[in-house]
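Numbering of ligands and ligand atoms starts at 1, following listing order.
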Amino acid sequence: MSDKRSIGVGVVSLGWMGRLHTRAYRALKEKFPEIEADIRLVSCCDVMEENRRQATEVLGFRRAVSDYHELINDPQVDVVDICSPNFLHHEIAMAAIEAGKPFWIEKPMGISAEQSADIAQGAEAKGLITSVGFNYRHVPAVQYARRLIAEGKLGRITNARVWLIADYASDPNGPLTWRYEKGRAGAGVVLDLMGHGEDLVQYLLRDRITEVTALTDTFIDQRPKPLKAGVGHSGWVVSDELGPVENEDYCAVIARFAGGAVATMESSRVSVGPRSEYVVEVYGTEGSIRWNFEDLNHVEVCLGRSNGALQGYVRAMAGPDHPDFARFQPGAGTSMGFDDMKVIEAAKFVSGVLADEQYGPSAADGWSAAEIDDAVVASAADGAWHQVRAVSGRTTFDK
Ligand SMILES: NC(=O)c1ccc[n+]([C@@H]2O[C@H](COP(=O)([O-])OP(=O)(O)OC[C@H]3O[C@@H](n4cnc5c(N)ncnc54)[C@H](O)[C@@H]3O)[C@@H](O)[C@H]2O)c1
């Protein structure tokens, strides 16, 4: 790295996540002033000319290129940010590792456990600080719930319920984007949404899923081919020609943890009703907590069973008493949003790079989720319980 207090950033792919990561870096100076580093948006890479133009003219990158190798080999790029469609993650991450550059990569880290193992072990061998886009960890209400669990306020943890039910693919006339192709996405909702839930529940319990059984299904098996790409799930223009959906819309999983707890987990991308209902509930012998992303500033908590007629949940709203909240909203009753989680993720990544410490979700955590994903897909194929391979390296979900 050129100068420890000056970090040159290179962002690969300027879609939904690339734009969000860019905004997160830009917000660091104001929201995390204690990070005394000059964060420079050096280079952006995208194959779409319009995105390259926006990168320099609107978002403030010094240059924009169409080949990620050029970005990674740019001597002014100190850290690499990977926000491409899933199938490119492995080759770009391996190139960043080869160049010895720390990287922040979106989930899923690879399209298979094998790819994710490669990335995590490669980063570990070079001692690189990494970050994986498991943003739901950073929500103040989630941090608070994790603390209650660690302090034993819920007693012995017995079970968790996790569901990530979304409607982004519920319209059969929605575009056949890269997300529905095995070659460019890998699995479907298992990688796209369930991976978040797997990481979140492991993070809350500080425990590892060791065994799963699962089923998956596809409810919309054809979609119109796109004529023009959009950003994320929006802005696509479709043709009249249909193409096949190659991966699953739905999955249901039963899981066991190393410490003895169990979980049910479910995910859908085609529900009509819930928009992004990402819920985690954790139950213990003395209490329970519930958190829902659609209402991310609240956490429901029930501690003990001696409240008589008032037994039930307290619905607490995150405010300046909760970690990091006041950086974004100085008063209770106002809400943090999705973008703010990415600012916290960027802060953990950048401060980790400066201190040479792994603070945020690591490549080893990405690999851990990938091993669960692979076991889920294998179980859905043969109907059997599958062991989840343990990973090595600097996991943070268990710290
Ligand atoms: N953490 C989260 O909550 C979250 C949310 C959405 C997406 N994601 C992840 O982020 C990643 C990107 O998803 P998205 O929704 O931003 O995608 P997107 O479709 O909005 O953007 C993808 C971008 O990649 C560009 N691209 C394609 N081929 C390229 C190449 N060879 N070199 C450089 N750029 C190329 C496209 O032009 C496009 O701009 C995925 O892995 C996805 O799973 C994570």
Could you tell me how the ring of W291 sits relative to the ring of Y136: parallel (under 30°), tilted (30 to 60°) or perpendicular (over 60°)?
-> tilted

Can you label the angle between the H233 ring and the Y168 ring as parallel, tilted or perpendicular, going by 30° and 60°?
-> parallel

Electrostatic pair [X]:[Y] at N-O distance under 4.0 angstrom:
{"X": "D339", "Y": "R23", "result": "yes"}
{"X": "D199", "Y": "R137", "result": "yes"}
{"X": "R52", "Y": "D46", "result": "no"}
{"X": "K31", "Y": "D340", "result": "no"}
{"X": "R161", "Y": "E281", "result": "yes"}
{"X": "E124", "Y": "R394", "result": "yes"}
{"X": "K348", "Y": "E345", "result": "no"}
{"X": "K107", "Y": "D373", "result": "no"}

Side chain, backbone, both or neither: which part of N51 comes within less than 4.0 Å of ligand 1 when only heavy atoms are counted?
->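 Contact part for N51 vs ligand 1: side chain (C-beta onward).
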
Using a 4.0 Å heavy-atom threshold (strictly under), name the region of T177 that reaches ligand 1: side chain, backbone, both or neither.
->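 T177 to ligand 1: no contact under 4.0 Å from either part.
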
Which of the listed options, [options], holds the heavy atom that is closest to [atom]?
{"atom": "atom 12 (C) of ligand 1", "options": "C83, S276, G133", "answer": "C83"}
{"atom": "atom 15 (O) of ligand 1", "options": "R179, M17, K107", "answer": "R179"}
{"atom": "atom 13 (O) of ligand 1", "options": "W16, W178, F338, Y136", "answer": "W178"}
{"atom": "atom 18 (P) of ligand 1", "options": "G232, S13, S66", "answer": "G232"}
{"atom": "atom 11 (C) of ligand 1", "options": "P85, S84, C45", "answer": "S84"}

Which of the ligand 1 atoms, numbered from 1, are nearer than 4.0 Å to a heavy atom of [X]:
{"X": "D192", "answer": "43 (O)"}
{"X": "P108", "answer": "43 (O)"}
{"X": "L88", "answer": "28 (N), 29 (C), 30 (C), 31 (N)"}
{"X": "N86", "answer": "40 (C), 41 (O), 42 (C), 43 (O)"}
{"X": "K342", "answer": "1 (N)"}

Look at ligand 1 and say whether [X] reaches it with a heavy atom at a distance under 4.0 Å.
{"X": "A229", "result": "no"}
{"X": "R19", "result": "no"}
{"X": "H233", "result": "no"}

Is any N or O atom of Y68, backbone or side chain, closer than 3.5 Å to an N or O atom of ligand 1?
->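 No, since none of the N or O atoms of Y68 sits under 3.5 Å from an N or O of ligand 1.
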
So, is D46 polar-close to ligand 1, with some N/O to N/O distance under 3.5 Å?
->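 Indeed, backbone or side chain, D46 has an N or O that close.
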
